[in-house]
Every structure is written in C-alpha cells, then in structure tokens.
Visitor: 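Dropping a structure here in structure tokens format, bear with me for questions.
In listed order, ligands and their atoms are each counted from 1. Along the sequence shown, the residues carry numbers beginning at 1.
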Amino acid sequence: MAQIFKNLKIRYILKSLRVRFFIIVFATGLISCLVMHAVILDSYEDRAVNVRSTEVQTQLKILANHLIAYNYLQDTSSEVINAELDMLANLYDGRVMVINDDLKVVKDTYNISQGKIIISEEVVNCLKTGQRGAVSKFDKNNGYIEMITPIIESQLIQEKDVSDVGDTGVVVRGVLLTSVSTDTIETTLDILGRRATTLEVIIVTVILVFAAWVANILLKPFNRITAAINDVKAGYTDQPVSGPNYYETEQILNAFNALLKRMKVLDDSRQEFVSNVSHELKTPITSMKVIADSLLAQEEVPNELYRDFMNDISHEIDREDKIINDLLVLVKMDKKASGLIVTNVDVVNLTESVLKRLRPIAMQRNIDLTLESKRAVTAEIDEVKISLVIMNLVENAIKYNNDNGWVRVTIDADHQYFYIEVKDSGVGIPEDCFDHIYERFYRVDKSRSREVGGTGLGLSIARSAVIMHRGSIDLKSKPGEGTTFTIKIPLICAGNKKQQ
Ligand SMILES: Nc1ncnc2c1ncn2[C@@H]1O[C@H](COP(=O)(O)OP(=O)(O)OP(=O)(O)O)[C@@H](O)[C@H]1O
Ligand SMILES: [Mg+2]
C-alpha cells in the first residue's frame with residue numbers, strides 16, 4: 001500500500017504541470033540570483049584593483065621624478081626620498097624597491113634585497129621599453145598587485161604622456177618595483193559577499209514562495225475545468241462548461257463544449273428515434289386491435305366482412321413487416337464494420353433490373369418510367385446496397401408523383417465517378433425540408449405518405465448506402481414541378497470494403 005502511494009507520488013511529481021512550472025520559476029529566480037552575485041562581486045573586485053593600481057601608479061610616477069631630481073639612483077642618502085618611499089610603502093601596506101639600470105636593488109623598503117641583483121623578465125622588459133609606461137599585475141591568489149614603473153630621465157617627457165613620445169631623448173634610468181597588498185579589498189569583498197549571501201537567502205525564500213503561489217494561481221483554471229468536466233460526467237449538469245480562463249484553457253473548454261453539444265444532439269436523436277420507432281410499430285398493431293375488436297363485438301358476422309377485415313389485418317401485418325425490415329437494414333448500415341461486399345457491377349444492367357420490378361406499380365398510375373444511359377458503366381460497388389438506393393429513389397419518384405406523370409432515370413459517368421439521376425414530374429419537396437429529408441421517419445406530408453405506405457426510412461437507407469461508398473446524394477426540387485435526386489459514386493471503391 002505504502003509502495004503504491006509512493007509510486008503515485010513520484011508519478012505525480014514527474015508529470016505534474018504544477019511541479020514543473022514551480023521548478024522552472026524557482027530555477028530561473030535562483031540562477032539569476034547566483035549569476036548576479038558572482039558578476040557583481042567580480043566586477044567590484046576588478047574595479048577596486050584598477051582604482052588602487054591607478055592611484056599607486058600616479059604616486060609612483062611622481063616619486064620616480066623625485067628620484068631623478070635627487071639623483072637617488074647614484075646616492076640613496078636623501079632623507080626626503082627615503083621618507084617618501086617609506087610613507088608610500090606604509091600607506092599601501094606594500095614594498096617598494098628601487099632598481100637601477102644594472103638591475104641592482106639600490107633601495108628596498110623591507111631592507112631585505114638591498115644590493116642584490118634582480119633578474120626578472122618584467123623588470124628587464126621595463127628597462128628596455130620603459131617609455132611605454134608602467135605595468136600592473138594583480139595576483140589574486142596571494143592578494144597583492146605588482147607594479148613596475150620606469151624611472152625616466154627627461155623633464156620634457158615626464159610632463160607629457162610617455163607612450164606618445166618617440167625614443168629620442170628618453171633614457172630609462174631604473175625601475176620601481178612595487179607590491180601593494182589588496183587585503184583591504186579582500187576584506188570589503190568578504191563583507192559584501194556575506195551581505196549578498198544573506199540577501200540571497202531572503203530573495204530565494206521569496207522566490208520559493210512566489211513560485212509556489214504563481215504555479216498554484218496559474219494552474220487553477222485546470223482544476224476548475226477538471227471539476228466542471230467531472231460534474232458533467234457524474235450527470236449533475238449538462239450545461240456548457242465556462243469560467244474566466246486563459247486562451248489555452250478556453251480552447252480546451254470550447255472543444256469540450258462542442259463535444260458535449262454533439263453528444264446531446266446524438267442523445268436527442270437517439271431518443272427521438274426510439275420514440276418514433278415505438279410509434280411507427282404501434283400504429284399497425286393499434287389498427288389490427290381495432291379491426292379485431294370490432295369483429296369480436298359483432299355477433300354472426302357475415303363471411304365477406306370477415307374476409308374484408310382479415311385483408312386489412314394482413315395489410316397491417318405487411319406494413320409492420322416492412323418497417324421492421326427497413327429498420328434492420330438501417331441498423332446494419334450503421335455498423336460501419338460490416339463493410340461493403342464489393343464486386344464489379346454493370347450499373348446499367350443493375351438499374352434496368354430494379355426498374356423492371358417497379359414498372360408494374362408505375363403502370364398502375366400510368367406513370368411513364370424511362371431509363372437513359374449515356375455510356376456503359378461498370379463500377380466496383382456493393383450490388384445489393386446500390387440497388388436499394390435506386391429502388392428507394394425510383395419508388396419515391398413514383399409514389400410522390402401525379403397520375404399520368406413521368407419518371408426519368410439517367411446514368412452517366414466520368415473518369416472517376418458514375419452518376420444516377422432520378423427525375424420526376426411529381427409533387428416536389430419544399431426547400432425548408434431539404435435539410436431533414438434524410439432523417440429517419442421524416443415525411444414531408446405525413447398523411448400523404450401514410451396513404452402511399454411510407455414510413456420515412458427509404459431516403460435514410462439510401463443516403464447511408466451512398467455514404468458507405470464514399471459518394472454523395474444531391475437533391476433539387478420545386479413544389480408542384482417535380483424532384484431530381486442525383487447520386488454520385490466513385491467507380492473504384494476505396495477504404496472500408498470486403499472484396500468478394
Ligand atoms: N421524389 C419525391 N417527390 C416528392 N417528395 C418526396 C420524394 N422523395 C421523397 N419525398 C418526401 O420525402 C419523404 C421521405 O422519403 P423516404 O423515402 O425517406 O420515406 P417514405 O417514402 O415516406 O417511406 P419509405 O421509403 O420508408 O417507405 C417522403 O415521405 C416524401 O414526403
Ligand atoms: Mg421512400
């Protein structure tokens with residue numbers, strides 16, 4: 001149990017958008033804080049070292065001039081210069097060495113290296129190229145700045161910037177090698193670092209709280225959506241889900257609401273279908289019951305009346321049988337998986353055989369039924385289903401026609417589709433019924449349809465069969481003038497099919 005709980009928790013942490021969001025906000029805050037810390041302290045150190053070196057260099061340049069003026073390189077007894085050197089060394093907590101052009105240390109404020117020869121690359125370079133000015137080097141590990149300042153003999157040059165002047169008339173007499181401690185800088189840096197760390201801890205805590213808060217606030221709409229969808233699922237409501245949301249969550253809600261609407265439409269149509277079916281099935285039974293009751297109510301009924309009533313009952317049974325058969329056909333078509341049984345069919349022949357069966361009915365009302373084929377058409381179709389389509393369309397054209405009218409069936413094809421057009425001179429269909437004409441049990445004129453024995457399933461069956469073939473059915477009609485149904489079906493069947 002504990003293990004399952006633990007697994008669930010880990011899964012939640014790994015997959016939760018809230019946790020990811022929190023981590024992103026927190027990490028961004030933390031990283032920027034740390035980068036700022038490092039950059040600010042680093043640049044402070046650079047700046048402090050630069051200021052210190054420039055300051056000391058200025059003093060050293062002045063001192064170098066004094067050294068020349070007092071001829072100190074030859075005679076180090078000058079009290080003034082010695083005092084100046086000591087003062088400088090004390091002031092910056094450093095060491096100053098005066099080196100002459102023979103690389104000999106003539107004065108060391110630490111009094112250690114006096115009289116020794118210094119062979120250092122920097123010193124030699126400075127003696128050679130001293131005109132280019134002083135050099136500073138910061139040794140971070142040992143905490144000091146080393147400065148090498150040329151002692152240049154030439155009044156003229158010292159007044160100007162040394163680097164701007166050419167070689168002529170410039171003599172480097174010696175070098176000042178100075179080390180200045182950066183302890184004070186390091187101490188300040190330490191204090192600053194400690195303060196920054198304290199501040200950082202506070203900022204990071206604030207970011208932590210902020211990230212948790214933001215993650216919670218920003219993802220709240222998702223909780224609301226889940227709750228609302230759960231409400232719908234539980235059946236508490238079927239109202240569209242709404243709420244103040246972001247664009248993204250609105251998209252989810254819109255999609256969900258559209259799905260809800262579609263489900264409602266499907267549910268409504270299913271309910272309507274069931275109630276229609278019950279009603280349609282009940283009608284013949286009620287008629288039979290009325291006929292039977294009236295027979296039973298009478299005594300000594302004459303034989304002819306019995307026959308008459310029995311005829312009516314048989315008629316109602318036929319009607320019931322037709323409705324049930326049509327419904328079964330429809331249900332079969334709805335099951336997409338059932339597929340098509342496709343064969344190569346001569347469409348003209350097929351239509352001819354359907355018309356042959358319907359001709360007697362047409363003749364009864366003196367309706368002229370003709371077939372015109374513009375070319376020979378062979379197509380990959382389900383023979384039974386397409387003959388159902390033709391049968392229903394032509395049957396309607398006869399049923400909803402006037403006596404002595406006509407029905408013209410035309411077959412045509414192009415390289416991709418074949419077309420069957422069923423045109424009649426009948427009563428026509430009003431335009432506002434076009435959208436409903438394929439609905440189950442829909443009849444334009446209920447009483448007329450009842451008269452001719454229609455249940456409103458024929459076109460629904462025809463359309464399902466056409467759609468299964470990936471075709472389309474089209475309707476043009478004018479009340480009083482006639483109707484034209486055209487079906488368009490691919491010559492080669494693609495997709496869901498069972499080849500025979
Ligand atoms: N050619 C047509 N001319 C005029 N009205 C038509 C035509 N075809 C169909 N209709 C109208 O459309 C309705 C639906 O037709 P459909 O074929 O689906 O049902 P039905 O003919 O009433 O019954 P069923 O075909 O199931 O026996 C018909 O009731 C009729 O009002
Ligand atoms: Mg019909």
Visitor: Say whether Val444, considering both its backbone and side-chain N or O atoms, lies within less than 3.5 Å of an N or O atom on ligand 1.
Guide: yes
Visitor: If I apply the N/O under 3.5 Å rule, does Lys399 come out as touching ligand 1?
Guide: yes
Visitor: Side chains of Thr343 and Glu380: donor-acceptor distance under 3.5 Å anywhere?
Guide: no
Visitor: With heavy atoms under 4.0 Å as the rule, classify the contact between Ile429 and ligand 1 as side chain, backbone, both or neither.
Guide: side chain
Visitor: Only one of Asn404, Asn402, Asn401 clears side chain to side chain donor-acceptor pair (under 3.5 Å) with Ser425; which?
Guide: Asn401
Visitor: Under 4.0 Å from any heavy atom of Gly456, which atoms of ligand 1 are there?
Guide: 18 (O), 19 (O), 20 (P), 22 (O), 23 (O), 24 (P), 26 (O)
Visitor: Output yes when the distance from some N or O of ligand 1 to some N or O of Arg443 is under 3.5 Å, and no in every other case.
Guide: no
Visitor: Taking a cutoff of less than 4.0 Å between a non-hydrogen atom of the residue and any ligand atom, is Glu395 in contact with ligand 1?
Guide: no
Visitor: Could you tell me whether the side chains of Asp139 and Asn142 share a donor-acceptor contact shorter than 3.5 Å?
Guide: yes
Visitor: Above 12 or not: heavy atoms from other molecules or residues under 6.0 Å from CZ of Phe210?
Guide: no
Visitor: Looking at ligand 1, is there an atom of it that comes within less than 4.0 Å of some heavy atom belonging to Gly426?
Guide: no
Visitor: Can you list the ligand 1 atoms lying under 4.0 Å from a non-hydrogen atom of Leu459?
Guide: 9 (C), 15 (O), 16 (P), 17 (O), 18 (O)
Visitor: Using a 4.0 Å cutoff against the non-hydrogen atoms of Lys322, which atoms of ligand 1 qualify?
Guide: 24 (P), 26 (O), 27 (O)
Visitor: Examine the proximity of ligand 1 to Val422 and report which part, side chain or backbone, both or neither, has a heavy atom under 4.0 Å away.
Guide: neither
Visitor: Which of the atoms in ligand 1, numbered in the order shown and given with their element, are less than 4.0 Å from a heavy-atom of Ile437?
Guide: 11 (C), 12 (O)
Visitor: Is it true that atom CD of Gln298 has more than 12 heavy atoms of other residues, nucleotides or ligands lying nearer than 6.0 Å?
Guide: yes
Visitor: Would you kindly say whether Arg52 and Thr184 are connected by a side-chain donor-acceptor distance under 3.5 Å?
Guide: yes
Visitor: Is it true that the side chains of Asp414 and Tyr419 contain a donor and an acceptor less than 3.5 Å apart?
Guide: yes
Visitor: Could you check whether atom NE2 of His315 has more than 12 heavy atoms from other residues, nucleotides or ligands sitting under 6.0 Å from it?
Guide: no
Visitor: Parallel, tilted or perpendicular: which one describes the rings of Phe22 and Phe26, with boundaries at 30° and 60°?
Guide: parallel
Visitor: Any nitrogen or oxygen of Leu457, main chain or side chain, under 3.5 Å from a nitrogen or oxygen of ligand 1?
Guide: yes
Visitor: Counting backbone and side-chain atoms alike, is an N, O or S atom of Asn396 positioned under 2.8 Å from the Mg ion (ligand 2)?
Guide: yes
Visitor: Distance under 4.0 Å to a non-hydrogen atom of Tyr442: what atoms of ligand 1 satisfy this?
Guide: 13 (C), 14 (C)
Visitor: Can you see whether Ser477 engages Thr483 through a side-chain donor-acceptor pair at a distance of less than 3.5 angstrom?
Guide: yes
Visitor: Look only at interatomic distance and state if Phe485 has a nitrogen or oxygen under 3.5 Å from any nitrogen or oxygen of ligand 1.
Guide: no
